[in-house]
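Below: the structure, in structure tokens.
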Amino acid sequence: MYVVVNAAVSADGKLSTRRREQLRISGEADFDRVDRLRAEADAVVVGVGTVLADDPSLTRFDRERREAVGKTGSPARVVVDSSCRTPADAAILDGDPDTYLLVTDDAPAGARADLVDAGARLVEATGDDGRVTLPGAFAALEAEGLSELMVEGGGELIFSLFRDGLVDELTTFVGNLVVGGRDAPTLADGEGFVEAFPRLELADVDPLDEGVVLRWTVADG
Ligand SMILES: NC(=O)c1ccc[n+]([C@@H]2O[C@H](COP(=O)([O-])OP(=O)(O)OC[C@H]3O[C@@H](n4cnc5c(N)ncnc54)[C@H](OP(=O)(O)O)[C@@H]3O)[C@@H](O)[C@H]2O)c1
């Protein structure tokens, strides 16, 4: 399993505003970069918080790049969604690519049935905290042939991935705006670390659009 996390953050590290509304942080050149990254992945992964806030379809990717890396079809889509809060009419269920929902055994039967009817493929992986256990869920995705994952957020999911030692690479576009707000989502939210901080090694720094792309590898990832 190889996991790349990619996100756009403001200069002060925010993913969006305190209203949790989608925010344009980067520009066209960065959208193209993201399309290339998606093309290289077997699946694009988001948390249900991002589905509820942004309603992304995650169907865009760079077709030439996908061919160049020897992959066929479209990247699958994955939502980490313990209790099946993804609406059955969410854009992430539109179109051809497969959509996997990572759920727990507590997810309500009615919501499960509605999502299966809407075309979702459910993968059950329940952690001790009642949320999706990411190591277990990712192992199940790998068994489905999805071994290169690109995670696009949000901050709750990204924190859990670092906590569970699942991140291999982190790429951020850092944009030229300050968002502020103690309640605005940041790149890694969750409960936060107080020790044993995951350490990164800087692999690339590229000015792009009105900001900069930072690529890090995870020292022990
Ligand atoms: N700038 C960017 O690049 C970018 C990218 C993506 C998102 N965003 C922004 O980020 C915000 C959404 O982020 P978010 O942090 O609220 O939500 P998120 O990370 O997308 O989703 C978090 C949710 O995932 C579910 N989950 C299930 N198992 C989990 C686990 N083991 N660890 C963590 N989460 C788990 C939880 O809901 P359940 O308990 O119900 O399962 C949790 O509340 C929005 O404002 C969006 O606009 C920005």
Side-chain angles (χ1 to χ4, degrees), residues 3-27 30-31 33-35 37-38 44-58 60 77-87 90-92 100-108 111-112 115 120 122-141 149-167 170-179 181 183-192 208-209 211 213-214:
V3 178
V4 177
V5 172
N6 179 80
V9 296
S10 60
D12 57 325
K14 304 297 187 188
L15 291 177
S16 67
T17 70
R18 67 175 191 274
R19 294 180 179 156
R20 304 185 101 78
E21 290 160 353
Q22 198 169 26
L23 173 68
R24 186 174 166 130
I25 293 173
S26 62
D30 191 58
F31 294 156
R33 183 189 63 80
V34 172
D35 286 352
L37 269 184
R38 283 184 187 165
V44 181
V45 184
V46 291
V48 66
T50 297
V51 169
L52 295 173
D54 301 349
D55 195 24
S57 63
L58 305 180
R60 256 184 62 154
R77 301 166 292 182
V78 177
V79 185
V80 185
D81 182 8
S82 311
S83 28
C84 287
R85 290 194 289 146
T86 298
I92 202 138
Y100 293 82
L101 297 191
L102 309 180
V103 305
T104 65
D105 53 12
D106 255 356
R112 279 173 184 252
L115 288 164
L122 304 194
V123 172
E124 211 174 88
T126 312
D128 294 338
D129 61 357
R131 296 209 296 189
V132 173
T133 172
L134 297 168
F138 281 14
L141 291 178
L149 304 184
M150 176 195 176
V151 178
E152 296 205 20
E156 286 290 326
L157 175 60
I158 292 173
F159 173 79
S160 294
L161 291 169
F162 275 110
R163 182 199 59 203
D164 293 347
L166 289 170
V167 182
L170 169 68
T171 307
T172 50
F173 175 88
V174 184
N176 63 336
L177 73 171
V178 173
V179 174
D183 296 327
T186 66
L187 182 67
D189 287 327
E191 61 269 28
L208 191 70
D209 292 326
V213 177
L214 301 176

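First listed ligand is number 1; within each ligand, the first listed atom is number 1. Residue numbers count from 1 along this sequence. On a predicted model such as this, the values are computed, not experimentally measured, just so you know.
Note that the CG atom of D81 and the CG atom of L52 stand 7.5 Å from one another [nearest 0.5 Å].
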Find all protein N or O atoms under 3.5 angstrom from an N or O atom of ligand 1 and list the pairs with distances, or write 'none'.
unit_1, atom_1, unit_2, atom_2, d
ligand 1, 1 (N), A8, O, 2.7
ligand 1, 1 (N), L15, O, 3.1
ligand 1, 3 (O), A8, N, 2.9
ligand 1, 15 (O), G155, N, 3.2
ligand 1, 15 (O), E156, N, 2.8
ligand 1, 16 (O), R20, NH2, 3.0
ligand 1, 19 (O), G154, N, 3.1
ligand 1, 19 (O), G154, O, 3.3
ligand 1, 19 (O), E156, N, 3.3
ligand 1, 19 (O), L157, N, 3.0
ligand 1, 20 (O), G47, O, 3.3
ligand 1, 20 (O), T50, N, 2.9
ligand 1, 20 (O), T50, OG1, 2.6
ligand 1, 20 (O), G154, N, 2.9
ligand 1, 21 (O), G49, N, 3.1
ligand 1, 28 (N), V132, N, 3.4
ligand 1, 31 (N), V132, O, 2.9
ligand 1, 32 (N), R131, NH2, 3.4
ligand 1, 32 (N), S160, OG, 2.6
ligand 1, 37 (O), R85, NH2, 3.2
ligand 1, 40 (O), R85, NE, 2.8
ligand 1, 40 (O), R85, NH2, 3.0
ligand 1, 41 (O), S82, N, 2.8
ligand 1, 41 (O), S82, OG, 2.6
ligand 1, 45 (O), S16, OG, 2.7
ligand 1, 45 (O), R20, O, 3.3
ligand 1, 47 (O), D54, OD1, 2.8
ligand 1, 47 (O), D54, OD2, 3.0

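Among the candidates V48, V79, T133, V80, the single residue satisfying the side-chain contact (heavy atoms from CB on, under 4.5 Å) test with L102 is V80.
Taking the side-chain contact (heavy atoms from CB on, under 4.5 Å) definition, one finds that T104 meets it with S82, D106, T126, V132, sequence neighbours left out. Every residue two or more places apart in sequence or in another chain that forms a side-chain contact (heavy atoms from CB on, under 4.5 Å) with R60 is listed here: F31, D32, D35, R38. Partners of E21 according to the salt bridge (Lys or Arg N to Asp or Glu O under 4.0 Å) rule, which considers only residues two or more places apart in sequence or in another chain, do not exist here.
Taking the side chain as every heavy atom from C-beta outward, V46 and I92 approach each other to under 4.5 Å.
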